[in-house]
Amino acid sequence: MPERSLAVVILAAGQGTRMKSSLPKVLHRIGGRSLIEHVLDAAAGLEPSQVVAVVRHDRDRVAEAILEHRPGTVIVDQDVVPGTGRAVELALEALPVDFDGSVVVLSGDVPLIDAATLDRLVRGHVEGGRAMTMLSAVFENPTGLGRILRDERGAVTGIVEEKDATESQRRITEINGGVYVFARRALEQALAAIDTDNAQGEKYLTDAAAGILAAGGAVEAVATNDPWIIAGVNDRAQLADAARELNARIIRDHQRAGVTILDPATTWIDADVSIEPDVEILPGTFLQGATSIAGGAVVGPDTTLVDCEVGEGARIRRSEATLAVFAAEVEVGPFAFIRPGTELGAGGKIGAFVETKNARIGDGSKVPHLSYVGDATIGRGSNIGAGTIFANYDGVQKHHSSVGDEVRVGSKNVLIAPVTIEDGAYTAAGTVVRKNVPAGALALNVAPQRNIEGWVAEHRPGTSTAEAAERSNTAKDSGK
Ligand code: UD1
Ligand code: CA
């Protein structure tokens, strides 16, 4: 016998009307993943033999998102019969006929559920020899949720939906979390007997509790003291609440692992971000996608990194970067805008008001001020003068330029791509580099400067500039 015979069913057929969205509810995102992705990940953590997702509303979009994230998932379409019970009934038909194990049922809109909690629930269920075990919680305000019914001795007798509950049942504060483990056969038999004779005209999964009890199966509700793990997302306010709570948990985990995060309230870190110990994250920072940050780096304040790799000891402040690789000890910002394909070598610098895109900048090279570097390769130890533009676009196509090692590009150059400046070359300030510059050469093409003496006195007489010039000239004369 296998160690554990387990399947997971995820319910995702509902419309999510209260989201008021053209996007299906389960595709809304928190922590950088859609709600359904969070649930799929929790399910996968149980290492089940099969995961079945039930879809209906916006079926193709939801199915595609599920299969992209977890390709092995079995997609089942719900039919015209509404209700969570019907959804599970159809999901069970997708399991192998001889599958006789436990079935975990999750909702696609309950994103903070985790594998460790589910694992404990399954263990208790199997060890207790039960036919149904559900997570419950005591809520001060249980409005809208199903209530757990118990007898005088505290044994579960069923679940009642709020819309079907009596006045006194509505006063019950123990709610059904919508997270269950069932014995497959007992569930199948109970579902077959459930009708839609209730306030919502639906086939309720919750009615399985009474059915299983009537057939002699054991049913238990296990209360969690962490209500967030069963918090459903039904509208945008709950989406924001879940996002904030997930973020708080992610931040707490990083802090416990040795990351300094100064202000959790203004720091947002996606679930897939990895951060080594002794990184410091300053306020107003967003770390998104598959970003990774190596030890000793300091990121922020007010910085957004999307899918970036940050090396040891790097310093990135008040900047935005997407799909960029920063090697160790780099310095970035303030106010850098770093677009996809940027790679900055060890000890390099992308400074204030610099924009880069598809730019490979070698070790120790610096682009310190007010520049645009697009479609370029820069070698090691080179310096790009303030205000330099890599003119990569001829109006039709983009072209690539190269700068070698130990090059000194003067201030306010324009490099007209495609062009190459070879190793150890200089360019004078203000150069428009249209031709390749050989190694060790100085390139300059600025017209020689001509000073026309006395021009201001002659052409702008009586102005404040003329007066200032005259004062200066008089002072020089008397100083002689
Ligand atoms: C359900 C429970 C309720 C519990 C609550 C916890 C039932 C009848 N009620 O209520 O006791 O307190 O969850 O959050 O189960 N779905 C389908 N097909 C359907 C209907 C729903 O797949 O025909 C999916 C939804 O997409 C959703 C999940 O099942 O992911 C729960 O459905 P929802 O309508 O939100 O149930 P609740 O009213 O929240
Ligand atoms: Ca719900």
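One is the number of the first residue; the rest follow in order along the sequence. These numbers were taken from a predicted model, which means no experiment stands behind them. Whatever order the structure lists ligands and atoms in, that order sets their numbers, starting from 1.
Residue I175 places no heavy atom under 4.0 Å from ligand 1. At a 4.0 Å cut-off, at least one heavy atom of E161 sits close enough to ligand 1 to count as contact.
Here ring-ring contact (aromatic ring centres under 6.0 Å, His included) pairs that include residues 181-206, with residues two or more places apart or in two chains, are Y180-F182.
Not one N or O of V81 is nearer than 3.5 Å to an N or O of ligand 1, by distance alone. Considering both main-chain and side-chain atoms, N176 comes within under 3.5 Å of ligand 1 through a nitrogen or oxygen pair. Inclusion of A13 in the set of residues having an N or O under 3.5 Å from an N or O of ligand 1 is warranted. Remark: ligand 1 and Q78 share an N or O pair separated by less than 3.5 Å (distance only, no angle test). Considering backbone and side-chain atoms together, L11 places an N or O closer than 3.5 Å to an N or O of ligand 1. Residue T206 has no N or O atom closer than 3.5 Å to an N or O atom of ligand 1.
Remark: the H28 side chain and the S34 side chain contain no N/O donor-acceptor pair separated by less than 3.5 Å.
Here atom 26 (O) of ligand 1 lies nearest to G14 when heavy atoms of A137, G14, G232 are compared.
Residues satisfying the side chain to side chain contact (heavy atoms under 4.5 Å, CB included) test with L370, not counting sequence neighbours, are F353.
The residue from D375, T356, I378 that alone fulfils the side chain to side chain contact (heavy atoms under 4.5 Å, CB included) condition with F390 is I378.
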